[in-house]
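Notes for the one structure printed next.
Atom set for the values below is all heavy atoms of this structure, side chains included, hydrogens, waters and symmetry mates excluded. A, B, ... follow the sequence lines: proteins, then strands. Residue 1 opens every chain.
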Number of protein chains: 2
Amino acid sequence: MPKIVDPAQRREAIADALFAIVLKQGFAKVSLRAIAEEAGLAIGSIRHYFTTAEGIVRFALETLVARVSARLETRLASLLPQLDAGSLSGGAAKELTVDLLAELLPLDEVRRQESVVWLAFEETARTDPALADVFETSVRGSRKLMARTLESMSHRGALRVDLDLDLEVDALAALIDGLTLRSTLHPEVLTPERAREVLSAHLEQLRK
Amino acid sequence: MPKIVDPAQRREAIADALFAIVLKQGFAKVSLRAIAEEAGLAIGSIRHYFTTAEGIVRFALETLVARVSARLETRLASLLPQLDAGSLSGGAAKELTVDLLAELLPLDEVRRQESVVWLAFEETARTDPALADVFETSVRGSRKLMARTLESMSHRGALRVDLDLDLEVDALAALIDGLTLRSTLHPEVLTPERAREVLSAHLEQLRK
DNA sequence: ATCGTTTTAGCACGTTCATGCTATTAAGCC
DNA sequence: GGCTTAATAGCATGAACGTGCTAAAACGAT
């Protein structure tokens, strides 16, 4: 039998190499050669796991989405029971909600890198049908997360009653998108910590 | 004397060709050859006006910024006297303010195209120092516009008094960034008209 | 009509790219 | 210990790229 290498792990390593290049040199510099060098592999080796270059990009995007989704799911799973238990004060509940949504902000190096890569993919996806559907799903998913969050507040009676909930969902989703965009690409204008404050203040204004 | 061609006009036409390619095929497909074909010129002709390919990109970005800035300046110039005159009702003043800020949203085909190109440049600029300073300036400029807008409301006494003005400036800037991003790249999730409604509602909530 | 200069055209070169193939290497079962 | 097969390595090809450079063309003043 042959040399044993976990193929899934190898694929992830290749995706990580792609991320590193996007991060350091931008999406335009991504190429099989660059990925091979970054990963410390020969081009032939990479092509053993991915037949086309496009396949790498596609897989990398799916990997990225999976990682972020997993983190959000984890947080959500630990948050919802706490909120439903009703044992928290309004302020504590709000802080936990902020924590959940702030998961999307580039508040640490890992998330900063993910945000950069995410934004790089976004431009590529606009003209690449193979990637577009992944984004469509993700964007709808993030809107859904906002909706769930606000509905949860509403059910607890923690939300102002004079609000158009649907409109507030769009506003919250856009606000977080904008905060992420600015604090990722222009941290000297808007620091991630500041972005978190803005998010917190926004939620505070929605409270009763 | 030689054939008469307005060089400035030619440069703009070349920039427009670049915009068209970004729009139709994405930033990755931009090349001298592609630009030449789109503009109906020979590569040599283009290189007569721009010695390097990088120069075209740089010039195109400056052109884009100039166009958007000019539109904003025009609107601002017509808006400020009206507001200072104090002859408008609060509601009318707010609508005019929304109109001003909505200039940044992709509400018509021209602005949609500009937004797409703008976002494409943004990713490129992250790793290209020659473009980065243009963006730095523009991002600060847009924040300044938000600040001026809110200050104007504040001076007219049209703003709630319990607000942290600086925080609201960041929030407004991020909200508009996010609305633009979403309604440009994912109009099926957030239509531009809907984005305008969100913006309007946000400003309404800031009013006294 | 001729000349001088701007504009246009495009060839040639060296790089870089993705990809189709073919060898070579390494590891576990017989 | 040799066989089998996954994994690795890298060569060859053709296409696309930016750019240096030279030649042609177009046009207005003389």
Side-chain ion pair, Asp166(A) and Arg194(B), N-O less than 4.0 Å: yes
Among dT8(C), dT8(D), dT19(D), find the nucleotide with the atom closest to the side chain of Tyr49(B). dT8(C)
Among dG18(D), dA18(C), dT19(C), find the nucleotide with the atom closest to the side chain of Arg33(A). dA18(C)
Does a distance-only test, which skips hydrogens and angles, find a donor-acceptor pair under 3.5 Å between the side chain of Arg47(B) and the base of dG20(D)? yes
With distance as the sole criterion, do the side chain of Arg10(A) and the base of dA7(D) form a donor-acceptor contact below 3.5 Å? no
Residues Thr52(A) and Arg58(A): side-chain donor-acceptor under 3.5 angstrom: no
Going by atom types only, do Gln25(A) and Glu38(A) share a side-chain donor-acceptor pair under 3.5 Å? no
When the C1' atoms of the five terminal pairs at each end define the local axes, what inter-axis angle does the helix from dA1(C)-dT30(D) to dC30(C)-dG1(D) show, to 10 degrees? 10°
Sub-6.0 Å ring centroid separation between Phe27(A) and Phe121(A): yes
Suppose we call two aromatic rings close when their centres sit under 6.0 Å apart. Are Phe19(B) and Trp118(B) close by that rule? no
If the cut-off is 4.0 Å, is Ser45(A) near the phosphate of dA7(D), judged by side-chain N/O to OP1 or OP2? no
Here the distance between atom P of dG20(D) and atom CG of Leu32(B), to the nearest Å, is 11 Å
